[in-house]
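In what follows, a single structure is set out as structure tokens and then discussed.
Computed from heavy atoms alone, side chains included, the values below leave out hydrogens, waters and symmetry copies.
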Protein chains: 2
Amino acid sequence: MARRKPIARRTLHDEIVSSLRDMITADEFPPGSKLPEKSLCDYFGVSRTPLREAFKVLAAEGIVELLPSRGVRVTQQTLEDIEEIFEVLGVLEALSGDLSCLRMSDDEIARVRELHERMVDHFNKGERLPYFHLNQQIHECIMAGAGNRHLAEVYTRLSGKVRRTRYLSSLSERRWKQAVGEHAAMINALENRDGERLFRILREHLKNKADAARATLLAAEAEQHETK
Amino acid sequence: MARRKPIARRTLHDEIVSSLRDMITADEFPPGSKLPEKSLCDYFGVSRTPLREAFKVLAAEGIVELLPSRGVRVTQQTLEDIEEIFEVLGVLEALSGDLSCLRMSDDEIARVRELHERMVDHFNKGERLPYFHLNQQIHECIMAGAGNRHLAEVYTRLSGKVRRTRYLSSLSERRWKQAVGEHAAMINALENRDGERLFRILREHLKNKADAARATLLAAEAEQHETK
DNA sequence: GATATGAGTATTGTATCCAATACCGTTTGA
DNA sequence: TCAAACGGTATTGGATACAATACTCATATC
């Protein structure tokens, strides 16, 4: 009898890693805050061992930092970090587009087109949140269509670090309109399987996203200073 | 008094992570082999706790995989993995070139030129190992010159996964000559600060490296079949 | 003879324990 | 009044102990 390969059972620290990751991106632990071992042990109902192993994993992912003998805290992304990460995300998404032009089936491309149409619909109605989610979905589709797991993994890890910023940053009307235009061009290039063009469009697209994110962050910082 | 920021003391599991990483890339534990907890505890003279934490970190980096209740083994890269990784490395190096054209000082560029000259020298004399190392150094210089820590980190992690393959694969005379030509073009683009061109050259360069690696791997596989 | 079964052993996952370090409030001396 | 020193407490790093799971090899059954 053929044996199933993925025995993949989950261990405690695995569960904890996922939970903590979610809690951190959900802002339950804001950047810079400490993660107290004891209370988290109580919260999860486990001993310190698996929890500490989870910390090591999250630290390796760059989500938290370990201060020897002084605990664990959520990493604080500086403006420079955000800019750097977006630079890298740019080429990663660009690559995903390039590869998708080679590897996606016509059906898959049609599906992306469909998502796009729905997204434009939301844009016309001025519905920001549904727009945002469809936008995400489109990029995920293209990333998946590239058929490169290592690319997808690296992308997920990096984009996780700026997810919070992305949620916070809302577009200006002008930028929003521009973004929709870029998306139209993307779909076009994809349907023509023009990888080189899609590559350029996506890189540019991400550069613009980075600008938007930077603007939001600067505004938020300014506000903070004012409050103080 | 101003306090120093980087308190960065090293913990046991940190040391172990570095050691294990080196041991694995040095092929002391070939891909697919198991990492026995007990003997490694004896070897390092530590208890299981820090060793297991180190395992979790290495697993997060993708260097080993954890089989629940069945131990830890060095991840086996398939041919597909290698190809995927090289695809990603291609755009990462390309980006580093692009950014270096913007951000490197003239002095730094001159230093790269110098390394290049020495490398060509070794090529002319047919000295493969020194050539190999200078080659590495040049790419590292450009990666550093990009001034993007997140890029550098992602790159290091991914390239670590194919380091072994790179070591194993030795170039054909023809490919070697071609590589030197590509390197000359790279230096040229860098000195002219033509980021766009350097981007394309580096991506192409990595594509060719991937081809070379693939050829070696296929040859090695064929040989293995023969022996069997 | 080959496959299945099960006891014994080894190895792993988690919990607990001890030691070392950092944190905090108080006291004491200038 | 302020700052440095001190002692107690909390928290962390590492070692050990216990429990659960998987592996091994011998025996039994067909």
Side-chain angles (χ1 to χ4, degrees), chain A residues 1-21 23-24 28-29 32-61 63-76, chain B residues 1-21 23-24 28-30 32-76:
Chain A
M1 179 179 167
R3 189 180 317 187
R4 353 184 353 176
K5 190 148 58 184
I7 320 102
R9 227 169 345 161
R10 306 205 76 191
T11 59
L12 262 187
H13 80 261
D14 246 319
E15 304 280 357
I16 297 173
V17 166
S18 317
S19 297
L20 278 181
R21 220 198 321 254
M23 288 165 82
I24 290 172
E28 272 177 70
F29 294 100
S33 63
K34 289 188 72 171
L35 297 181
E37 262 185 36
K38 190 157 186 323
S39 43
L40 282 171
C41 283
D42 295 346
Y43 176 76
F44 286 118
V46 300
S47 80
R48 289 176 55 213
T49 310
L51 182 69
R52 289 181 43 190
E53 290 178 347
F55 282 161
K56 303 295 176 293
V57 174
L58 293 174
E61 293 181 9
I63 294 174
V64 303
E65 48 188 351
L66 309 176
L67 312 174
S69 306
R70 297 207 272 153
V72 179
R73 73 166 51 160
V74 180
T75 49
Q76 181 101 261
Chain B
M1 178 180 164
R3 189 178 315 186
R4 356 183 351 176
K5 191 149 58 186
I7 321 100
R9 229 170 343 165
R10 306 206 78 192
T11 57
L12 261 185
H13 82 261
D14 247 318
E15 305 281 355
I16 297 172
V17 166
S18 315
S19 297
L20 278 180
R21 219 198 322 255
M23 289 165 82
I24 289 171
E28 271 177 67
F29 294 99
S33 63
K34 290 187 72 172
L35 296 181
E37 262 186 34
K38 192 157 186 325
S39 42
L40 282 171
C41 283
D42 295 346
Y43 176 77
F44 286 117
V46 300
S47 82
R48 290 175 56 213
T49 310
L51 182 69
R52 288 171 47 91
E53 289 177 347
F55 283 161
K56 302 294 176 296
V57 174
L58 293 173
E61 293 181 10
I63 294 173
V64 304
E65 49 189 349
L66 309 176
L67 314 174
S69 307
R70 298 206 271 154
V72 178
R73 74 164 55 158
V74 180
T75 49
Q76 181 101 259

Which dot-bracket string fits DNA chain D when only Watson-Crick or G-U wobble pairs with both atom distances under 3.5 Å count, crossing pairs get [ ], and | stands for a partner on a different strand?
||||||||||||||||||||||||||||||
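The number of heavy atoms from other shown groups lying within 6.0 Å of CZ (B/R73) does not exceed 12.
A donor-acceptor contact shorter than 3.5 Å is absent between the side chain of B/T75 and the backbone of B/E65.
Rounding to whole angstrom units, NZ of residue B/K38 and P of D/dC23 are separated by 20 Å. One can place CG of B/L67 at 12 Å from C1' of D/dA22, the figure rounded to the nearest angstrom. To the nearest angstrom, C1' of D/dG14 lies 8 Å from CD of B/E53. In this structure, CG of A/L12 is placed 14 Å from C1' of D/dT21, rounded to the nearest angstrom. B/L51 has its CG atom 10 Å from the P atom of C/dT12, to the nearest Å. The nearest whole Å value for the distance from the CZ atom in A/F44 to the P atom in C/dT14 is 14 Å. A straight line from CZ of A/F55 to P of D/dT11 spans 13 Å, rounded to a whole angstrom. Distance CG (B/L40) to C1' (C/dT12): 14 Å, rounded to an integer number of Å.
Between B/V17 and B/R21, some side-chain heavy-atom pair lies under the 4.5 Å cut-off. Taking 4.5 Å as the limit, some side-chain heavy atom of B/L51 sits within range of a side-chain heavy atom of B/E37. Looking at A/L12 and A/F44, their side chains never come closer than 4.5 Å, going by heavy atoms from C-beta outward.
Screening B/V74, B/L66, B/V64, B/I16 for a side chain to side chain contact (heavy atoms under 4.5 Å, CB included) with B/L58, the sole residue that qualifies is B/V64.
Residue A/R70 places no side-chain atom within donor-acceptor reach of the base of D/dG13, judged by atom type and a 3.5 Å distance cut-off alone.
For the OP1/OP2 pair of C/dT14 and a distance below 4.0 Å, the side-chain nitrogens and oxygens of A/R48 include no atom meeting the criterion.
Each of B/E37 and A/T49 has a nearest nucleotide on DNA chain C; the 5'-most of these lies closest to B/E37.
Closest heavy-atom contact between B/S39 and B/P36: OG-CG, 3.0 Å.
Residue A/S47 has its side chain nearest to C/dT16 when only D/dG13, C/dT16, D/dA17 are considered.
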